[in-house]
Amino acid sequence: MPVATPRTIERLEDIPNVGPSIAAKLRFLDLARPQDLVGIDPYEIYDEVNLRTGVRHDPCLLDVFIAAVRFMEGGPSQPWWEFTAERKITLSSNQ
């Protein structure tokens, strides 16, 4: 089976760490294609999903958004939890 790359991915669900639930959240934000993630700030889309739904989602969702955006921008495929430390540092420095 060939390894997925940003160029070969056609569906959001083909992005590493993105399953049907995460893909639905991205589509809810009008991000319907994998290429729509390129150049997007994952922190902003996390804030936007919280705002639009009126629910503060688990911060792990932000980790998944970071992993997906970074992958689509050419970074390596990494488990979402590899971005938890970065998220914590970034959010604590923005307060």
Side-chain angles (χ1 to χ4, degrees):
M1 177 177 220
V3 175
T5 67
R7 291 180 149 189
T8 62
I9 288 182
E10 296 179 9
R11 300 176 323 123
L12 293 171
E13 293 86 344
D14 296 331
I15 299 170
N17 300 295
V18 176
S21 174
I22 302 297
K25 286 177 178 54
L26 292 169
R27 289 185 185 101
F28 176 72
L29 299 172
D30 301 319
L31 300 167
R33 301 173 312 119
Q35 295 74 20
D36 292 341
L37 298 180
V38 176
I40 293 289
D41 182 336
Y43 295 87
E44 288 181 12
I45 60 174
Y46 176 73
D47 289 342
E48 186 66 20
V49 77
N50 289 335
L51 179 68
R52 287 193 194 183
T53 61
V55 174
R56 178 162 161 66
H57 290 78
D58 188 295
C60 294
L61 176 61
L62 174 52
D63 299 344
V64 175
F65 286 165
I66 296 168
V69 168
R70 296 282 167 72
F71 176 78
M72 288 308 300
E73 291 179 340
S77 173
Q78 294 181 292
W80 61 264
W81 56 86
E82 291 292 326
F83 296 93
T84 302
E86 173 190 327
R87 177 217 346 130
K88 289 179 177 181
I89 291 168
T90 300
L91 292 180
S92 70
S93 68
N94 288 340
Q95 293 180 8

Undergrad: How long is the gap from NZ on K88 to CG on L62, to the nearest 0.5 Å?
TA: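 Going from the NZ atom of K88 to the CG atom of L62 covers 12.0 Å.
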
Undergrad: Return the CZ to CG distance between R52 and D30, rounded to the nearest 0.5 Å.
TA: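 The CG atom of D30 is 5.0 Å from CZ of R52, to the nearest 0.5 Å.
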
Undergrad: For the atom pair CG (L31) and CG (L12), what is the distance rounded to the nearest 0.5 Å?
TA: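 So the CG of L31 and the CG of L12 are separated by 8.0 Å.
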
Undergrad: Give the minimum heavy-atom separation between I9 and Q35, together with the two atoms involved.
TA: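 Where I9 meets Q35 most closely, the heavy atoms are O-NE2, 3.3 Å.
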
Undergrad: For a quick test of reading the model, state the closest non-hydrogen atom pair linking C60 to D58 and the distance between them.
TA: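 What the structure gives for the nearest pair is N-OD1, 2.7 Å.
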
Undergrad: Quick one: which residue pairs count as a side-chain hydrogen bond (donor to acceptor under 3.5 Å, both in side chains) with a foot in residues 66-81, not counting sequence neighbours?
TA: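 Found R70-E86.
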
Undergrad: If I take atom CG from residue L61 and atom CZ from residue R87, how far apart are they, to the nearest 0.5 angstrom?
TA: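 Reported value, rounded in 0.5 Å steps: 10.0 Å.
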
Undergrad: Specify the closest pair of heavy atoms between L37 and A68, including all atoms of both residues, with the distance to one decimal.
TA: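 For L37 versus A68, the nearest heavy atoms are CD1-CB, 4.0 Å.
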
Undergrad: Does the side chain of L26 come within less than 4.5 Å of I45's, by heavy atoms?
TA: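 With C-beta onward as the side chain, the pair touches.
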
Undergrad: State, to 0.1 Å, how close V18 and A23 come at their nearest heavy-atom pair, and which atoms those are.
TA: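 Nearest heavy atoms, V18 then A23: CG1-N, 3.8 Å.
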
Undergrad: Would you please name every residue forming a side chain to side chain donor-acceptor pair (under 3.5 Å) with N50, sequence neighbours left out?
TA: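 Only H57 meet the side chain to side chain donor-acceptor pair (under 3.5 Å) criterion with N50.
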
Undergrad: Is there a side-chain contact between F65 and I22 (heavy atoms, below 4.5 Å)?
TA: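 Side-chain contact under 4.5 Å: yes.
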
Undergrad: How about F83 and V64: do any of their side-chain heavy atoms sit closer than 4.5 Å?
TA: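 Sidechains of V64 and F83: no contact.
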
Undergrad: Applying side chain to side chain donor-acceptor pair (under 3.5 Å), can you list everything that pairs with E13, at least two apart in sequence or on another chain?
TA: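 Only R27 meet the side chain to side chain donor-acceptor pair (under 3.5 Å) criterion with E13.
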
Undergrad: Drop me the distance from D41's CG to D47's CG, to the nearest 0.5 angstrom.
TA: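 It comes to 8.5 Å.
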
Undergrad: Check whether any side-chain heavy atom of V49 sits under 4.5 Å from a side-chain heavy atom of T53, and report yes or no.
TA: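 The answer is yes; the side chains approach within 4.5 Å.
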
